[in-house]
Amino acid sequence: MLQQTQVSRVVVKYSEFLERFPTLAHVARAKPARVMEAWEGLGYYARARNLHRLAREVTSANGADGASVGQLPSEPEALRALPGIGAYTAGAVASFAYERRAALVDTNVARVLKRAFVPNVQIKTTRGQRTIWGIADAMLPRTGRVTWTHNQALMELGALVCTARIAHCDRCPVRSYCVTGSKPSGRRAP
DNA sequence: TTCCTGGTCG
DNA sequence: CGACCCGGAA
């Protein structure tokens with residue numbers, strides 16, 4: 001649900017959805033139309049279809065790749081193979097659900113790393129994404145447990161402080177490490 | 001690269 | 001009003 005959709009709009013729908021479909025098995029068992037119903041108002045309805053396909057794949061005996069039936073795999077590579085799971089979601093599930101030592105780059109992290117280390121990189125391009133992911137990977141802490149906190153902190157920094165329109169360098173905890181924040185004239189967001 | 005949904009914010 | 005939102009598929 002959080003793919004390209006704001007948290008504030010997701011939170012309500014998410015709890016409603018979980019109430020209706022407590023597990024992936026419930027989603028897999030349901031008709032596609034019922035899943036679409038529960039998705040109403042969120043937009044990007046291909047995600048609902050992908051979720052249903054994912055649920056059926058994961059709950060089928062020969063589809064659960066390396067994980068037990070009905071459970072999502074913990075390896076980013078295995079997660080990536082599932083419908084609707086891209087690089088970010090794979091990293092997020094691996095890191096946040098399984099505490100794996102996995103990198104994760106969403107729109108917030110990409111913006112933070114760009115401003116901090118490579119201000120002139122174009123985030124939208126494939127090459128820019130490769131650069132950002134390389135930095136994110138190089139920054140990973142030693143253990144999965146610390147990686148959970150690390151990734152969470154990166155995302156929150158982008159969501160609350162280093163926001164899209166205003167960087168808020170005056171209240172940034174890592175300003176001294178940041179190329180943009182440490183520059184006298186670079187307090188505003190490029 | 002482009003498309004997909006629509007509320008919100010600067 | 002345009003850009004943005006815890007992206008991913010075609």
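Labels below follow one simple rule: chain letters A, B, ... track the order of the sequence lines, proteins then strands, and each chain is numbered from 1.
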Worksheet item: Within the structure, does a side-chain N or O atom of Arg49(A) lie under 4.0 Å from either OP1 or OP2 of dA9(C)?
Response: no
Worksheet item: To the nearest angstrom, how far is Lys13(A) atom NZ from dC6(C) atom P?
Response: 18 Å
Fill in: Proximal nucleotide (of dC5(C), dG6(B), dC6(C)) relative to the Arg9(A) side chain
dG6(B)
Practice prompt. For Ala30(A) and Val35(A), work out which heavy atoms get closest and say how close.
Written response: CB-CG2, 4.3 Å
Item to complete: Have a look at Arg53(A) and say if it touches a base, only the backbone sugar-phosphate, or nothing, with a 4.0 Å heavy-atom cut-off.
Response: nothing
Item to complete: Evaluate the criterion salt bridge (Lys or Arg N to Asp or Glu O under 4.0 Å) for residue pair Glu37(A) and Arg34(A); output intermediate values, then yes/no.
Response: CA-CA 5 Å; Glu37(A) 260 176 44; Arg34(A) 302 248 88 98; 2.9 Å; yes
Item to complete: Determine the interatomic distance between P on dT2(B) and the same-named atom on dC6(C); round to the nearest Å.
Response: 24 Å
Discussion item. Regarding Ala92(A), tell me which of base, sugar-phosphate or nothing describes its non-hydrogen contacts under 4.0 Å with the strands shown.
Written reply: nothing
Fill in: Side-chain donor/acceptor contact of Arg47(A) with base of dG8(C) under 3.5 Å
no
Discussion item. Is there a side-chain contact between Val109(A) and Tyr88(A) in this structure, where contact means two heavy atoms from C-beta onward sitting under 4.5 Å apart?
Written reply: no
Item to complete: Using whole Å, report how far CE of Met1(A) lies from P of dG8(C).
Response: 16 Å
Discussion item. Can you measure Tyr14(A) atom OH to dC6(C) atom C1' for me and round it to whole angstrom units?
Written reply: 13 Å
Worksheet item: Between Thr89(A) and dG8(C), does any side-chain N or O lie under 4.0 Å from OP1 or OP2?
Response: yes
Worksheet, complete the sentence: note: Gln3(A), atom CD; dC4(C), atom C1'; distance rounded to Å ~ 17 Å
Discussion item. Are the side chains of Leu82(A) and Val58(A) in contact, using a 4.5 Å heavy-atom criterion?
Written reply: yes
Discussion item. How close do Arg100(A) and Ser74(A) get, counting heavy atoms only, and between which atoms?
Written reply: NH1-OG, 3.3 Å
Worksheet item: How many Å lie between CG on Leu79(A) and P on dG7(C), as a whole number?
Response: 17 Å
Worksheet item: So, Glu99(A) versus Thr147(A): side-chain donor-acceptor pair below 3.5 Å or not?
Response: no
Practice prompt. May I ask you to evaluate whether Thr5(A) reaches the phosphate of dC5(C), defined as a side-chain N or O under 4.0 Å from OP1 or OP2?
Written response: no
Worksheet item: Over how many whole Å does the gap from Gln4(A) atom CD to dT2(B) atom C1' extend?
Response: 13 Å
Item to complete: Quickly work out the Leu51(A) CG to dG7(C) C1' distance and round it to whole Å.
Response: 15 Å
Response to the item:
Rounded to whole Å, the CG-P distance (Leu54(A) to dG7(C)) equals 18 Å
Worksheet item: Ile85(A) near the nucleic acid: base, sugar-phosphate alone, or nothing, with a heavy-atom cut-off under 4.0 Å?
Response: sugar-phosphate
Discussion item. Do Leu157(A) and Pro173(A) have side chains that approach each other closer than 4.5 Å (heavy atoms only, starting at C-beta)?
Written reply: yes
Show each protein N/O and nucleotides 8-10 of chain B N/O combination with a separation under 3.5 Å, one pair to a line.
none

